[in-house]
Every structure is written in structure tokens, then in C-alpha cells.
Student: 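Attaching a single structure in C-alpha cells format; questions to follow.
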Amino acid sequence: MQNVIETVQPYVSTIATAAIGVLTTIILAGLNTVKVKVNTWLEARTTAAQREIIHKIAGEGFAFAQTAFKEAGGERKLQEALQYTTLRLAEQGITVSVVELQAAIEKAYLEYKAKTKAVLATEAQPNEEAAQVAAKEAVSGLAAKLNDFLAQATAEVTPGAQVQAAPEPTSIVPEQAPASVD
């Protein structure tokens with residue numbers, strides 16, 4: 001039996017090595033097929049640089065439609081922006097579905113609205129502060145004119161009386177006596 005095992009062992013090793021080689025070849029061929037399919041899928045999708053170009057041109061399309069068609073409705077502006085964006089991307093050799101273009105233009109619109117709201121919010125705060133300062137100045141000026149008017153009215157009624165300015169507000173906090181040293 002020992003002789004049989006010693007005689008068969010080189011054949012078994014050769015067969016096992018060949019089987020492993022065949023399996024390795026099959027696995028590598030499968031990986032190459034998967035690689036080709038993945039590359040095809042990736043080429044069908046846009047690259048990051050193309051994505052940036054798409055969003056930039058979609059923003060241009062939105063700006064064009066917003067300024068050139070001010071009086072038009074939102075749907076017409078969207079159609080004009082789509083047309084502009086499609087033409088510009090075709091010049092660049094980029095083809096994108098209408099849904100993706102519309103999404104990019106809508107994104108540009110939402111960014112525009114967000115920036116507009118942010119600008120209006122920052123402009124509103126200083127205007128409110130300026131309005132408060134102006135109101136305080138107006139009230140102070142009105143009070144001064146009212147005091148002048150009352151002073152003139154009382155001076156005419158009592159010719160010998162002297163006009164005094166409004167009394168200064170007095171402090172309610174009692175003064176403390178200095179501490180004495182013993």
C-alpha cells in the first residue's frame with residue numbers, strides 16, 4: 001500500500017496544481033469581465049469634473065433665464081434654462097438626461113433663493129437698528145420742541161416768570177456716609 005501511495009502522489013500533486021491553475025485562470029477571467037463591465041458603467045456615468053461643469057452651466061442657464069425672461073412665468077424660465085444648458089453642454093460634449101438637467105437648474109434656483117434670503121436678512125437688521133436710532137432722535141427732537149413751545153407759552157402768560165429747564169432726574173440710591181476710622 002505504501003508503494004501505491006508513493007507512486008500515485010506525484011500524479012495527485014500534478015493534478016492538484018493543474019486544477020488550481022485552471023481555477024485561477026477562471027477567476028482572473030471573471031475579474032476581467034467584471035472590470036470591463038464596471039468601466040463601461042463608470043464611463044456611462046459622469047465624472048466629478050463633468051458634474052462640476054454641469055452644475056456651473058446649469059447655474060448659468062438659470063441666471064440667463066432669470067434675467068432675460070423677467071416677465072415670463074416659472075415654467076417658461078425653466079424651459080429656457082433647459083434649452084440654454086442643453087446647448088452649452090452639447091458644445092462641451094456632455095450628454096445628460098433632461099431630468100438631471102432640471103435637477104441641476106432647480107438646485108441653482110434653490111441656492112439663489114437661499115442667498116437672496118440671507119442677504120435680505122442681513123440687510124434687514126441694520127435697517128431696523130437705523131430705524132430705532134432715527135425714532136429715538138425724532139422723539140428727542142420732538143420733546144425738545146415741545147419743551148421750547150411750553151416755555152414760550154408759560155413765558156407769555158407770566159411775563160415776570162423765568163423759564164427753567166426740565167429738572168434733572170435724581171438718583172434714588174441714598175448716599176452713603178463715609179466710613180469713620182477709630
Student: Are the side chains of Thr86 and Val98 in touch, meaning some heavy atoms are under 4.5 Å apart?
Tutor: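 SC-SC contact between Thr86 and Val98 ruled out.
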Student: In sequence, state the C-alpha distance, the side-chain angles, and the governing distance for Gln92 and Ile57, and then conclude on side chain to side chain contact (heavy atoms under 4.5 Å, CB included).
Tutor: CA-CA 10 Å; Gln92 299 286 327; Ile57 293 176; 4.1 Å; yes
Student: What residues form a side chain to side chain contact (heavy atoms under 4.5 Å, CB included) with Thr24, not counting sequence neighbours?
Tutor: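 Expected list: Ile20, Leu28.
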Student: Do Gln79 and Gln83 get their side chains close enough for a donor-acceptor pair, meaning under 3.5 Å?
Tutor: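 Checked: Gln79/Gln83 side chains show no N/O donor-acceptor pair below 3.5 Å.
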Student: Quick one: list whatever passes salt bridge (Lys or Arg N to Asp or Glu O under 4.0 Å) with Glu71, sequence neighbours left out.
Tutor: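 Partners of Glu71 by the salt bridge (Lys or Arg N to Asp or Glu O under 4.0 Å) criterion come out as none, since no residue qualifies.
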Student: Any idea how Tyr84 and Phe64 line up, ring-wise: parallel (<30°), tilted (30 to 60°), or perpendicular (>60°)?
Tutor: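 Aromatic pair Tyr84/Phe64 classed parallel.
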Student: My understanding is that only residues two or more places apart in sequence, or in another chain, count here; which of them pass side chain to side chain contact (heavy atoms under 4.5 Å, CB included) with Ser97?
Tutor: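 With neighbours one apart ignored, the set is Val99, Glu100.
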Student: Output the distance between atom CD1 (Ile94) and atom CZ (Arg88), rounded to the nearest 0.5 Å.
Tutor: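 Ile94 atom CD1 to Arg88 atom CZ measures 10.5 Å (nearest 0.5 Å).
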Student: Measure the OG1-CD distance between Thr95 and Gln50 for me, rounded to the nearest 0.5 Å.
Tutor: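 Reported to 0.5 Å precision, the distance equals 8.5 Å.
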Student: Identify, with sequence neighbours excluded, every residue that meets side chain to side chain contact (heavy atoms under 4.5 Å, CB included) alongside Ala108.
Tutor: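 Side chain to side chain contact (heavy atoms under 4.5 Å, CB included) list for Ala108, sorted by chain: Phe62.
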Student: Taking the basic N atoms (NZ, or NE/NH1/NH2) and the acidic carboxylate oxygens, is any pair closer than 4.0 Å for Lys115 and Glu111?
Tutor: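 No salt bridge links Lys115 with Glu111.
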Student: Other than Ile26, which residues form its hydrophobic cluster under the rule that side-chain heavy atoms must be closer than 4.5 Å?
Tutor: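 Val22, all in the cluster of Ile26.
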Student: Are there more than 12 heavy atoms of other residues, nucleotides or ligands under 6.0 Å from atom CZ of Phe69?
Tutor: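 Above 12, so yes.
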Student: Is the shortest distance from a Lys or Arg side-chain nitrogen in Glu80 or Lys77 to a carboxylate oxygen in the other one below 4.0 Å?
Tutor: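 Looking at Lys77 together with Glu80, the answer is no, because their closest N to O distance does not fall below 4.0 Å.
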Student: List in chain and number order the residues that pass side chain to side chain contact (heavy atoms under 4.5 Å, CB included) with Gln102, two or more places apart in sequence or in another chain; answer none if no residue qualifies.
Tutor: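 Per chain and number, Gln102 pairs via side chain to side chain contact (heavy atoms under 4.5 Å, CB included) with Leu78, Leu82, Glu106.
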Student: Could you report the tightest heavy-atom contact between Thr17 and Ser13, atom names first, then the distance?
Tutor: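 Closest pair (atom of Thr17, atom of Ser13, distance): OG1-O, 2.8 Å.
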Student: Any chance you could measure Thr85, atom OG1, to Ile54, atom CD1, to the nearest 0.5 Å?
Tutor: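 It is 10.5 Å, given to the nearest 0.5 Å.
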Student: Look at atom CD of Gln9 and say whether more than 12 heavy atoms of other residues, nucleotides or ligands are closer to it than 6.0 Å.
Tutor: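 Check fails, neighbour count at 12 or below.
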Student: Please check if Tyr112 and Ile105 belong to a single hydrophobic cluster, counting links between Ile, Leu, Val, Met, Phe, Trp and Tyr side chain heavy atoms closer than 4.5 Å.
Tutor: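 Tyr112 and Ile105: one cluster.
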Student: Return the CD to CG distance between Glu91 and Leu89, rounded to the nearest 0.5 Å.
Tutor: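 Spacing of CD (Glu91) from CG (Leu89) equals 9.0 Å.
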